[in-house]
Amino acid sequence: MDHRARPYRSVLYIPGSKERALEKARTLPVDAIIFDLEDAVAADEKSNARATLADALTEDGYGARMKIVRINALDTEWGAEDAQAVRKMNADAVLLPKVDGPADLDALAAITGDLPIWAMMETPRGMLNADAIAAHPKLAGLVMGTNDLAKELQSRFRQDRLPMLTALGLCLLAAKANGVVIIDGVYNAFKDDEGLRAECEQGRDMGFDGKTLIHPAQVEVTNAAFAPSPSEIELAQRQITAFEEAEAEGQGVAVVDGKIVENLHVATAREILAKARAIETLAAG
Ligand code: COA
Ligand code: MG
């Protein structure tokens with residue numbers, strides 16, 4: 001399926017070891033889930049989490065939500081075993097952390113075969129190799145790992161994310177140039193709705209498909225921010241109509257609300273309507 005036809009507004013991390021959270025996610029209105037075996041799982045819980053997660057995915061009940069499993073990096077003591085296990089799990093994709101370049105993806109694909117791969121973008125080297133990573137034949141999506149990246153960059157948190165913008169921009173360019181999905185990083189203060197909303201809107205305005213989340217309380221704000229608003233939908237419809245009328249009169253350009261509407265704006269308007277329909281379809285399914 002064309003990834004633009006599928007919504008990825010809200011992508012919730014769930015520790016693979018937490019049965020209650022694994023259960024709860026079956027009823028949360030998220031577009032995708034990242035079942036985590038990496039950072040959210042303590043070292044002595046790794047193999048338990050693998051088994052708990054495999055059972056939850058076999059039982060399923062996650063409906064149309066996309067199921068992505070984040071494994072440990074292949075240079076850790078758990079990575080290879082995670083990758084072998086994911087192959088047999090009922091997952092839609094495998095997410096590899098700390099990807100530095102396409103060779104990391106080759107190594108994973110050698111184990112996981114045709115399973116689509118998503119890459120955590122969270123190392124300085126990964127930023128510099130973003131294009132080659134996004135161009136990998138098995139690569140379907142990029143996920144910004146802004147906490148790890150801030151640590152590597154020795155940057156500080158700022159509400160405007162100025163220290164992060166170069167990295168976000170490089171990954172966005174790579175995703176768009178290669179036609180893959182790109183999801184923004186998490187907002188750590190999960191009780192701060194206003195801060196979350198501002199960061200969602202920034203990511204949405206930049207072109208991210210959605211945002212990764214750490215807590216159910218973040219779902220509603222995120223889903224709203226990354227969905228076309230009623231006024232955007234209404235404007236898109238008026239732009240399409242006006243352009244079609246102009247075309248029928250032999251004009252290549254229309255004007256709506258004092259702004260020029262060309263072919264390219266109509267293409268964007270159609271994408272907005274397609275996204276709104278895709279969200280409706282997912283909610284109905
Ligand atoms: N996914 C699904 N359900 C979750 C959840 C998540 N990420 N985080 C919390 N919940 C559930 C809890 O199980 C609890 O369910 P209940 O009402 O049935 O008992 C409910 O939401 C409320 O949780 P709350 O008590 O507010 O949070 P907590 O103190 O249990 O957990 C965190 C807070 C941050 C530890 C937890 O949200 C978490 O582990 N998040 C994911 C972290 C992660 O994956 N990090 C790696 C990527 S950055
Ligand atoms: Mg990490």
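It should be emphasised that the depicted structure is a prediction, and the values quoted were computed from it without experimental measurement. As the structure lists them, so they are numbered: ligands from 1, and atoms in each ligand from 1.
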Below 4.0 angstrom, counting only protein heavy atoms, does anything approach atom 25 (O) of ligand 1? no

Protein heavy atom under 4.0 Å of atom 44 (O) of ligand 1: yes

Got an N/O contact under 3.5 Å between H215 and ligand 1? yes

Compute the minimum heavy-atom distance from P15 to ligand 1 and say whether it is under 4.0 Å. yes

Is there a side-chain hydrogen bond (donor to acceptor under 3.5 Å, both in side chains) between S10 and N223 once you walk through the steps? CA-CA 6 Å; S10 48; N223 277 346; 2.7 Å; yes

N or O contact, R20 vs ligand 1, cut-off under 3.5 Å: yes

State whether the side chain of K211 and the backbone N or O of G185 hold a donor-acceptor pair below 3.5 Å, judged by distance alone. yes

Measure the OG-CD distance between S229 and E234 for me, rounded to the nearest 0.5 Å. 9.5 Å

N/O/S from E38 sitting under 2.8 Å away from the Mg ion (ligand 2): no

Looking only at N, O or S atoms, which one in D39 sits nearest to the Mg ion (ligand 2)? OD2

So which atom in G16 and which in V41 form the shortest heavy-atom distance, rounded to 0.1 Å? N-CG2, 4.0 Å

Considering non-hydrogen atoms only, spot the tightest contact between A140 and W118 and give its length. CB-NE1, 3.7 Å

Heavy atom to atom 12 (C) of ligand 1, shortest distance: which of R70, E38, K24 holds it? K24

Is I214 touching ligand 1 with its side chain, its backbone, both, or neither, if touching means heavy atoms under 4.0 Å apart? both

Proximity to ligand 1 by part of A21, non-hydrogen separation under 4.0 Å: both

Is ligand 1 under 4.0 Å from a heavy atom in the side chain of L12, in the backbone, in both, or in neither? side chain

Give the atom numbers and elements of ligand 1 that come within less than 4.0 Å of a heavy atom of F190. 34 (C)

Give me the atom names and distance for the closest heavy-atom approach of A56 to Y62. O-CE1, 3.7 Å

Polar proximity ligand 1 side, I14 side, N/O cut 3.5 Å exclusive: no

Can any side-chain N or O of D209 pair as donor or acceptor with the backbone N or O of Y8 at less than 3.5 Å? no

Looking at ligand 1, does any of its N/O atoms fall within less than 3.5 Å of an N/O of K18? yes

Heavy-atom protein neighbour under 4.0 angstrom from atom 28 (P) of ligand 1: no

Audit row: L95, V143, side-chain contact (heavy atoms from CB on, under 4.5 Å) steps and yes/no: CA-CA 9 Å; L95 172 60; V143 179; 4.0 Å; yes

Exactly one candidate in R161, Q159, R197 meets side-chain hydrogen bond (donor to acceptor under 3.5 Å, both in side chains) with Q202; the answer is R161

Heavy-atom protein contact below 4.0 Å for atom 39 (O) of ligand 1: yes

For A83 and L108, which heavy atoms make the closest approach, and how far apart are they? CB-CD1, 3.8 Å

Show which atoms of ligand 1 fall inside a sub-4.0 Å distance from at least one heavy-atom site of A40. 43 (C), 44 (O), 45 (N), 46 (C)

